[in-house]
Amino acid sequence: MEFSVKEDVEGTQKEVFDALGDLEAIERAAMRRGVEISRTDPPGGPGEGSTWAVRFRYRGRMRDAEITLTEYAPPQRMACLAHSGGLDVRTVLDVVALSRTRTRIAADTVLMPRTLSARLLVQSLKLARSSITKRMKARSTEFARDLETRIRRAG
């Protein structure tokens with residue numbers, strides 16, 4: 001099952017990618033939403049192989065996930081793979097310059113169930129696809145606005 005969202009952001013491709021690569025800011029944003037997150041590889045800048053342990057509440061239960069940054073190609077692409085129970089989630093962020101000061105972020109997420117219970121979860125998500133897509137769009141718009149604010153402060 002796939003989900004895709006696109007957001008246009010005010011900023012150069014490099015500024016937008018650098019803001020996306022500010023992993024500490026991303027971690028703080030996740031913590032504000034109630035997610036417990038800790039880096040499990042040696043600290044440092046982002047790069048392929050960076051890993052995090054994550055705990056979050058979903059459908060009334062605490063879930064654990066391990067996230068690995070699988071691709072880091074500044075300033076165009078970043079990809080990660082998350083494992084949670086029997087579900088793998090691959091997310092790819094493509095950063096494309098539209099003009100000198102405008103950049104598009106395209107996020108593609110693929111859910112890959114590995115167990116029967118994960119397949120049932122994905123099937124139930126397929127039934128709620130339109131509402132999930134609306135929530136993803138709203139969150140991505142909010143994230144893009146926050147990203148623009150961080151870019152303006154840094155610049």
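Any value given below was found using the heavy atoms of this structure, including those in side chains, with hydrogens, waters and symmetry copies removed.
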Review point. At their closest point, which heavy atom of Glu148 faces which heavy atom of Asp8, and how far apart are they?
Key: OE2-O, 4.1 Å
Check your understanding: So do Glu10 and Arg102 actually touch side chain to side chain, heavy atoms under 4.5 Å?
Key -> yes
Exercise for review: Could you state whether Phe17 and Val96 fall into the same hydrophobic cluster, counting links through intermediate Ile, Leu, Val, Met, Phe, Trp or Tyr residues with side-chain heavy atoms under 4.5 angstrom apart?
Suggested key: no
Check your understanding: In Å and rounded to the nearest 0.5 Å, what is the CG to CZ distance from Leu111 to Arg90?
Key -> 13.0 Å
Practice item. Answer with yes or no whether the hydrophobic clustering places Val110 together with Met78; edges join I, L, V, M, F, W, Y residues whose side-chain heavy atoms lie under 4.5 Å apart. Key: no
Check your understanding: What closest approach, in Å, do Ala118 and Gly86 show between heavy atoms, and which atom pair accounts for it?
Key -> CB-O, 3.3 Å
Check your understanding: Taking everything shown except Arg139 itself, do over 12 heavy atoms lie less than 6.0 Å from its CZ?
Key -> no
Check your understanding: Under a 4.5 Å cut-off applied to non-hydrogen side-chain atoms, are Arg55 and Asp64 in contact?
Key -> yes
Study note, to complete from the structure: In terms of heavy-atom contacts, Leu147 and Ala19 come closest through CD1-CB, 3.3 Å
Exercise for review: Keeping to residues at least two apart or across chains, list the ring pair (Phe, Tyr, Trp, His ring centres under 6.0 Å) pairs with something in residues 123-155.
Suggested key: none
Check your understanding: How many angstroms lie between atom CD of Gln123 and atom CZ of Arg119, to the nearest 0.5 angstrom?
Key -> 11.0 Å
Revision key, fill the gap. In short, salt bridge (Lys or Arg N to Asp or Glu O under 4.0 Å) pairs touching residues 40-54 with sequence neighbours left out are Arg39-Asp41
Point to revise | Main-chain N/O of Lys6 paired with Lys137 side-chain donor or acceptor, under 3.5 Å | key: yes
Point to revise | Separation between CG of Asp88 and NE2 of His83, rounded to the nearest 0.5 Å | key: 5.0 Å
Review point. Ion pair present between Lys14 and Asp18, side-chain N to carboxylate O less than 4.0 angstrom?
Key: yes
Practice item. Could you tell me whether Arg104 and Glu7 have a side-chain N and a carboxylate O separated by less than 4.0 Å? Key: no
**Study point:** Pairing of Glu142 and Arg33 as salt bridge, 4.0 angstrom limit
**Key:** yes
**Study point:** Thr103 side chain to Val9 backbone, donor-acceptor under 3.5 Å
**Key:** no
Check your understanding: Do the side chain of Gln13 and the main chain of Pro75 share a donor and acceptor less than 3.5 angstrom apart?
Key -> yes
Practice item. Group every Ile, Leu, Val, Met, Phe, Trp and Tyr by side-chain heavy-atom contacts under 4.5 Å, then state whether Val92 and Val16 land in the same group. Key: no
Exercise for review: Determine yes or no for a side-chain-to-main-chain donor-acceptor pair under 3.5 angstrom, with Thr70 supplying the side chain and Ala79 the backbone.
Suggested key: yes
Point to revise | Spacing of CE belonging to Met1 relative to CE belonging to Met112, to within rounding of 0.5 Å | key: 13.5 Å
**Study point:** Test side-chain contact (heavy atoms from CB on, under 4.5 Å) applied to Arg63 - qualifying residues, sequence neighbours left out
**Key:** Phe56, Tyr58, Arg59, Arg61, Ser84
Practice item. Work out which heavy atom in Pro46 is nearest to a heavy atom in Tyr72; give both atom names and the distance. Key: CG-OH, 3.2 Å
Practice item. Treat each ILVMFWY residue as a node, draw an edge where side-chain heavy atoms are under 4.5 Å apart, and state whether Leu121 and Val89 are in one component. Key: yes
Review point. Is it true that Leu81 and Ile67 fall in one hydrophobic cluster, defined by side-chain heavy atoms closer than 4.5 Å?
Key: no
Exercise for review: Kindly compute the distance separating CG (Leu69) from CH2 (Trp52), expressed to the nearest 0.5 Å.
Suggested key: 5.0 Å
Revision key, fill the gap. Here the gap from Leu23 atom CG to Ile37 atom CD1, rounded to the nearest 0.5 Å, amounts to 9.0 Å
